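This one's a predicted model, so the numbers in the text were calculated from it and none came from an experiment. Chain naming here is simple, since letters A, B, ... match the order of the sequence lines and numbering starts at 1 in each.
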Amino acid sequence: MIGRRWYVPWLFLAPALLVTALMTWGPLANTGVLAFTDAQALGGGQFTGLDNFVRLADDTDFFRALGNTALYLVVVVPALVLLPLLLAQLVHAKLPGIGAFRAVFYTPVIASMVVVGLIWSWLLSSDGLVNAVLVKLRVVAEPLPFLTDATLLLFSCMLVTVWKGLGYYMVIYLAALSNVPGELHEAARVDGAGAVRRFRSVTVPTVRPTMLLVGTLAAISATKVFAEIYVMSSGTAGPGGQAKSIVYYIREVGLGVDGEIGYASAMSLTLFVGTLGLSVLALVLRRRSERNTA
Amino acid sequence: MRRTRAFAAAAVAAALFLSGCGLSSGDDAGSAGSDDKISGEVKGEITFATLALKPTFDDYINGLIADFQKQHPGTTVTWIDLPFQGAQEKITNDAQAGTLPDVVNLNPNFAQKLEKQGVFVDMETNAGDAKSTFVPGAWDAFKVPGQPGSYGLPWYLTSEVTMYNKDLFAQAGMADAAPPKTVDELLTQAEKLSAAGKGRFYGWHPALENSFVPNLAKLGVPLLNDDATAWTFNTPEAVQYVTRVRDLYAKKAIAPDWLTQDHAKETEAYSAGRVALFPSGPNFLKVVGQNAPAVAKATGVAPQIASADGTTNMSVMGLLVPRKSKNPATALEFAKFVSNAQNQLAFAKIVTILPSTADSLKDPYFTQVDPADPTSPARKISAEQIAKAENLTPVQWDDRTKAVVIGKMQLAVKGDLDPKAALDQAVAEANKLLAR
């Protein structure tokens with residue numbers, strides 16, 4: 001009898017809802033409110049209307065950080081959609097020693113970003129291995145400033161993001177590839193399609209919803225990029241902080257005893273709305289893609 | 001439907017309640033340098049927070065606590081140690097929540113932001129009797145310019161010496177050269193050494209975030225105006241200094257990656273034998289000795305590069321008591337106990353730091369060289385110069401200001417921004433932060 005009462009399911013859900021409210025919705029709502037105040041790390045918190053957003057419109061550092069983040073998205077997302085798919089295709093094949101190959105590509109996924117960042121900053125430093133090889137092979141006359149030129153630093157960080165993400169997205173694609181019906185490939189082969197053609201005409205259409213999922217996940221993590229830039233630039237975001245991402249800038253403004261919590265919240269809210277917009281767009285595209293493949 | 005609406009309304013109310021939490025501050029802002037006189041019996045429980053002293057100094061700190069508890073029956077001191085990483089966030093959160101430990105170990109630059117909110121008790125009022133026991137420059141480090149009072153008891157100090165790699169000097173044909181005594185000599189020698197090193201080694205690691213402000217101060221550049229309301233370091237002398245560093249960078253007398261590196265990387269570079277001059281605390285000689293004994297063996301030690309009037313720089317750590325402490329009398333007594341001459345001397349004998357108490361510095365440990373201890377010459381030099389040392393980095397030089405100013409200097413040194421424009425922009429942006 002008790003099982004028919006309307007509130008019984010809510011009782012089961014209550015602990016999880018409470019934790020989610022405290023840990024996720026609460027801080028989110030708090031950020032939403034703080035974005036309209038002048039809150040500081042210590043004290044403050046008067047309602048200031050849209051002042052923070054007006055200031056944001058004039059903040060050149062914010063727009064530079066936004067531009068860097070956009071560049072990150074443009075480069076990293078396509079790379080993380082395509083490269084892991086190609087890799088998964090290779091790994092999917094039943095080749096000898098493939099287990100070791102999979103392990104090699106998955107190792108960076110489980111390594112800490114700080115460790116990965118440090119290793120790459122050693123490799124890419126002016127006297128690091130990469131520059132030593134490039135100079136030795138006479139590809140360049142003198143070491144490239146991978147870590148002290150804002151643009152090169154950003155691209156170096158992108159390389160690290162892609163390198164670290166390859167294995168993770170490869171595993172997602174592997175799951176999707178195992179669902180591609182073997183008879184489709186067989187039929188295509190009978191029709192005379194080569195490997196590339198089968199990949200384009202059979203594999204890609206079948207895994208397109210997964211590609212959209214990977215694209216969405218990669219885009220969300222690209223908008224949140226911080227650790228790579230922080231570690232590779234020794235906490236400076238390059239000379240003059242010119243390689244700051246949006247999250248890096250939010251942290252810089254909001255952190256510490258002199259942190260401007262209100263202004264940082266306004267930036268966070270702007271980023272949240274932007275990311276939400278991207279996610280909704282991806283969702284619409286994904287649904288459309290699913291309808292087309294159904 | 002009604003129930004759904006009721007649930008949604010409850011959720012919104014809960015969210016608003018939660019969000020409201022972020023708007024309040026646990027600590028009421030009070031006036032800095034308050035003349036509230038602390039009184040009361042020395043007993044009960046207090047907490048003592050230090051920065052990165054565990055586990056190396058467990059025996060010393062636990063011994064201090066045991067001695068204090070023995071001298072003051074009925075007191076209990078609970079020690080907590082915060083790692084440097086994240087300490088600022090933790091202290092800020094505690095200050096916000098009104099739950100700061102009863103005695104806190106902080107440096108002046110971090111503490112002054114809290115003090116501007118009136119968080120700490122005034123030591124001029126409450127520990128004035130101990131004032132004369134401290135090195136004057138150390139006591140003054142805990143004053144906020146333009147505000148009365150002083151908000152911390154100086155604890156331990158470090159005072160840079162100039163370490164140099166004699167092997168690299170010899171390789172550069174400068175075996176007979178005296179180590180630099182002025183900023184100008186530092187840069188001149190750096191250029192010669194780097195030219196001889198041809199990329200194998202360099203003269204000087206700029207570690208801008210540590211060296212920029214003290215070097216300007218030593219060059220006589222006024223960093224702040226008299227009432228500390230505006231930064232003023234965009235002077236012709238500062239432009240000349242930045243231009244000189246930019247020229248060194250352009251001549252490849254500074255390794256390109258070093259432009260954005262800090263003191264930790266400078267220590268690594270010196271330990272690796274890649275840099276010949278290493279102005280740093282004598283405690284780092286021990287670090288070099290552990291990681292690179294050969295480099296430590298080749299290291300000569302000279303006095304700190306000083307300003308024209310002989311003023312040198314020192315870094316200060318202090319002990320502060322929050323006004324919100326539930327047991328301020330015990331907290332104050334404990335802070336005085338930890339920082340007294342006897343206890344500071346004992347601490348200085350187990351770690352390469354200097355005591356802030358003038359009497360401790362007269363101990364033979366600081367006035368004589370022990371042939372068996374390779375760090376003792378550095379310690380002697382460091383202790384001798386402390387009488388004319390000051391904290392040359394203004395307390396207003398906080399992390400945000402540092403990030404903005406050093407960012408502009410990096411662009412100037414790299415050649416992306418004219419030195420004068422970089423200094424003007426840095427001052428303008430730093431003043432915006434100061435005005436907040």
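- Contacts with chain A were tallied for B/Lys408, B/Lys414, B/Arg400, B/Met409; B/Arg400 has the most, counting heavy-atom pairs under 4.5 Å.
- Checked by atom type and distance alone, the side chain of B/Gln261 never pairs as donor or acceptor with a backbone atom of A/Ser234 at under 3.5 Å.
- B/Gln410 and A/Gly240 get closest at one heavy-atom pair: OE1-N, 2.9 Å.
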Stepwise, does the side-chain contact (heavy atoms from CB on, under 4.5 Å) test hold for A/Asp127 with B/Arg274?
CA-CA 11 Å; A/Asp127 55 354; B/Arg274 295 207 66 218; 2.7 Å; yes
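- Interface residues of residues 148-162 of chain A toward chain B, defined by a heavy-atom distance below 4.5 Å and sorted by number: A/Thr148, A/Asp149.
- Considering only heavy atoms from C-beta on, A/Pro239 comes within 4.5 Å of B/Thr260 through its side chain.
- Using a 4.5 Å cut-off between heavy atoms, B/Leu114 contacts chain A through both its backbone and its side chain.
- The heavy-atom pair separating B/Ala403 from A/Glu252 by the smallest distance is CB-OE1, 4.5 Å.
- A heavy-atom distance below 4.5 Å is found between the side chains of A/Glu142 and B/Lys252.
- Heavy-atom distances place the backbone of A/Ser233, and not its side chain, under 4.5 Å from chain B.
- Residue A/Phe272 qualifies as open at atom CZ: its count of foreign heavy atoms under 6.0 Å is 12 or below.
- Note: B/Asp398 leads B/Asp399, B/Asp398, B/Leu259 in heavy-atom pairs under 4.5 Å with chain A.
- Atom-to-atom distance recorded for A/Ser126:OG and B/Trp258:CH2 is 9.0 Å, nearest 0.5 angstrom.
- Annotation: maximal heavy-atom pairing with chain A below 4.5 Å, among B/Leu411, B/Thr92, B/Asp257, occurs at B/Asp257.
- With respect to chain B, the highest number of heavy-atom pairs below 4.5 Å among A/Leu255, A/Asp61, A/Leu147, A/Ile261 belongs to A/Leu255.
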